[in-house]
Amino acid sequence: MATSPAPRSEPDAIIVGAGLSGLVAAAELVDAGKHVVIVDQEPEASLGGQAHWSFGGLFLIDSPEQRRLGVHDSLELAKQDWDGTAGFDRDEDEWGRRWADAYLDFAAGEKRAWLHEKGVRFFPIVGWAERGGYNAIGHGNSVPRFHITWGTGPGILAPFIARVQAGAAAGLVEFRHRHRVDELLVEGGAVVGVRGAVLADDAANRGEPSNRDVVGDFELRAPAVVVASGGIGGNHDLVRQFWPKRMGEPPAAMLSGVPAHVDGRMLPIAEQAGARLVNGDRMWHYTEGITNWDPIWPLHGIRILPGPSSLWFDAEGRRLPVPLFPGFDTLGTLEHIVSTGHAHSWFILTQKIIEKEFALSGSEQNPDLTGKDLKLLAERLGSGAPGPVEAFKQHGVDFVVADTLPELLEGMRALSPHTPLDTENIEREIVARDRELDNEFSKDLQLTAVRGARAYRGDKLIRVATPHKILDPKAGPLIAVKLHVLTRKTLGGIQTDLDSRALAVDGSAVPGLYAVGEAAGFGGGGVHGYRALEGTFLGGCLFTGRAAGRAIARG
Ligand SMILES: Cc1cc2nc3c(=O)[nH]c(=O)nc-3n(C[C@H](O)[C@H](O)[C@H](O)COP(=O)(O)OP(=O)(O)OC[C@H]3O[C@@H](n4cnc5c(N)ncnc54)[C@H](O)[C@@H]3O)c2cc1C
């Protein structure tokens with residue numbers, strides 16, 4: 001067993017995790033002329049962690065992009081939405097609340113200018129995620145706020161990777177890939193370094209799982225250690241262990257929306273060093289997961305970012321209750337689906353709806369936006385489904401395509417032979433819903449919501465299909481999609497103050513220890529509370545990573 005060589009000199013900080021939050025902290029330290037060692041268990045190919053795969057959606061308040069589309073937003077409206085969504089109700093929420101207030105100020109203030117100055121640009125049409133559907137003080141975004149980075153996830157990472165690589169060239173940054181931290185060194189109550197295993201080289205491509213063969217050990221010392229290790233979504237055992245009781249039993253089967261390195265191992269390691277873990281039962285998983293026909297990591301699932309028109313049925317063929325329409329209330333829908341005792345549900349839609357309303361979350365699923373390819377982007381705005389959506393329709397195991405409803409229902413049965421499917425009820429619901437389209441107004445709240453959405457120019461242009469009858473052959477063929485629960489984000493984590501210093505159970509800061517990004521519940525151990533407004537995860541990594549880097553640089 002070889003011991004990893006010591007750094008050139010004792011660094012000012014060690015960062016555990018080369019995802020977005022760790023890279024942002026490192027970039028801030030480089031700007032301040034500090035020496036940093038970045039330790040990551042994965043090979044260099046996976047630099048950037050989850051953010052590389054992300055859609056690059058960022059929550060901004062009252063941006064020029066919103067204003068150009070006629071959206072009136074304000075800090076007050078965003079705070080109303082955040083509070084209604086978070087539902088903060090615990091003593092442990094003290095720091096989550098403070099981070100939320102600070103984050104809202106950031107998102108309404110310098111966030112866009114700070115990123116813009118680093119070269120980050122946005123797609124001009126702002127998306128409307130988590131539409132809510134309850135009262136004004138309830139869950140959801142009152143207005144569109146999901147700003148897609150031009151270049152998606154890689155586009156948001158690029159300036160920070162460039163800054164850190166420039167730091168490496170200047171001798172300020174050392175990378176230690178294939179170094180897995182197993183312990184935080186504590187002396188006199190202060191964290192003074194890390195210890196762990198050197199893992200064997202691995203030729204895994206980005207995002208693929210790598211081996212855990214130990215070939216050596218290492219120990220590094222620094223006055224500051226930043227835990228930037230991500231959440232637990234790739235570890236289904238942990239997801240099941242922490243599954244909130246209020247949500248019933250975890251589904252029997254789930255897909256993974258994150259790579260295997262999102263393993264949650266660092267959280268108890270930080271706890272052993274004195275940090276307080278809070279809100280472990282708060283997580284953010286999706287209900288519109290589809291099996292990736294071309295997987296990169298184990299159980300790889302892709303989330304459909306749905307427009308509001310598809311009809312949503314549970315596994316037995318009952319339409320989901322109001323307001324659990326596609327894209328309205330992620331966790332409300334999850335709770336409902338779990339309560340049915342089944343792990344899946346169904347979208348039923350038309351070709352016309354899929355063309356306009358299906359987007360797939362993930363940088364690799366959006367080559368036009370990721371590659372900044374205007375020609376490809378023009379195709380998205382034209383007729384036909386985007387290439388990656390069409391590929392899923394053709395190769396995906398969860399898709400049924402048929403010209404008639406009986407054929408569609410037959411195909412659905414074949415995909416779930418062991419679940420009783422009330423096809424008569426599905427037909428009755430679709431025929432009744434289609435009848436409601438004979439007027440411009442309706443008692444069917446989903447249709448009213450669809451019409452409301454189209455009052456927003458962005459939705460009308462590229463996101464919400466003109467209301468039409470599902471059974472109109474001109475809108476066909478008919479499509480059914482079997483949807484699975486997809487694990488993704490961890491909303492709890494290490495409790496931190498506004499400098500990203502890890503806090504102990506007694507509320508004091510653990511000397512030398514910082515936590516950022518998903519490992520810190522995106523700030524304070526849970527900036528979101530119970531639910532999230534979307535686009536706030538990458539933003540939480542930026543904001544907490546920046547705070548840690550600046551605080552360490554100040555000394
Ligand atoms: C497909 C997809 C789409 C998404 N889309 C969006 C979006 O549009 N908007 C949004 O806001 N968010 C989105 N997200 C979420 C967002 O990307 C993540 O929450 C965020 O990138 C997490 O970054 P992080 O730095 O906290 O952790 P990670 O990216 O998970 O990085 C953590 C790093 O720490 C390393 N590590 C862990 N433990 C150890 C250890 N013990 N020793 C050494 N190294 C360790 C890991 O190998 C990893 O490289 C998406 C995520 C995915 C997967």
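Only heavy atoms go into these numbers, but all of them, side chains included; no hydrogens, no water, no symmetry mates. Start at 1 and go down the list; that is how both ligands and their atoms are numbered. We number each residue from 1, following the sequence as shown.
Where the criterion is an N or O separation shorter than 3.5 Å, residue side chain and backbone included, Leu538 meets it with respect to ligand 1. In terms of N/O distances under 3.5 Å, ligand 1 is not approached by Ser54. Backbone and side-chain nitrogen or oxygen atoms of Gly57 are examined, and one is located within less than 3.5 angstrom of a nitrogen or oxygen of ligand 1. When only interatomic distances are considered, the shortest N/O to N/O separation between Trp297 and ligand 1 does not fall below 3.5 Å. For ligand 1, the polar-atom distance check against Asp40 finds a nitrogen or oxygen pair separated by under 3.5 Å. When only interatomic distances are considered, the shortest N/O to N/O separation between Phe55 and ligand 1 falls below 3.5 Å. Every N/O-N/O distance between Met266 and ligand 1 stays at or above 3.5 Å. At under 3.5 Å, not a single nitrogen or oxygen of Gly49, backbone or side chain, sits near a nitrogen or oxygen of ligand 1. Polar contact check, Ser21 against ligand 1: a nitrogen or oxygen pair lies under 3.5 Å apart. The shortest N/O to N/O separation between Gln41 and ligand 1 falls below 3.5 Å.
The local environment of CD in Glu219 is crowded, with over 12 non-hydrogen atoms from other residues, nucleotides or ligands closer than 6.0 Å.
Judged by the shortest distance from any of its heavy atoms, Ser361 lies inside the 4.0 Å radius around the atoms of ligand 1. The closest approach between a heavy atom of Phe59 and any atom of ligand 1 is not below 4.0 Å. Using a 4.0 Å cutoff on heavy atoms, Glu534 does not count as a contact of ligand 1. No heavy atom of Arg303 sits closer than 4.0 Å to any atom of ligand 1.
Annotation: cation-pi pair Arg240/Trp243 absent, no NZ/CZ under 6.0 Å from the ring centroid and within 45° of its normal.
Within the 3.5 Å criterion, the main-chain N or O of Gly207 finds a donor-acceptor partner in the side chain of Ser46.
The protein non-hydrogen atom at the shortest distance from atom 41 (N) of ligand 1 is Val181 O, 3.1 Å.
Salt bridge Arg550/Glu28: present, at least one basic N to carboxylate O contact under 4.0 Å.
Between Phe328 and His139, the ring center distance fails the sub-6.0 Å criterion.
Counting heavy atoms closer than 4.0 Å to ligand 1, residue Thr536 contributes backbone atoms (N, CA, C, O) but none from C-beta onward.
In this structure, the side chain to side chain contact (heavy atoms under 4.5 Å, CB included) partners of Pro223, at least two apart in sequence or on a different chain, are Glu10. Partners of Ser142 by side chain to side chain donor-acceptor pair (under 3.5 Å), not counting sequence neighbours, listed by chain and number: Asp81.
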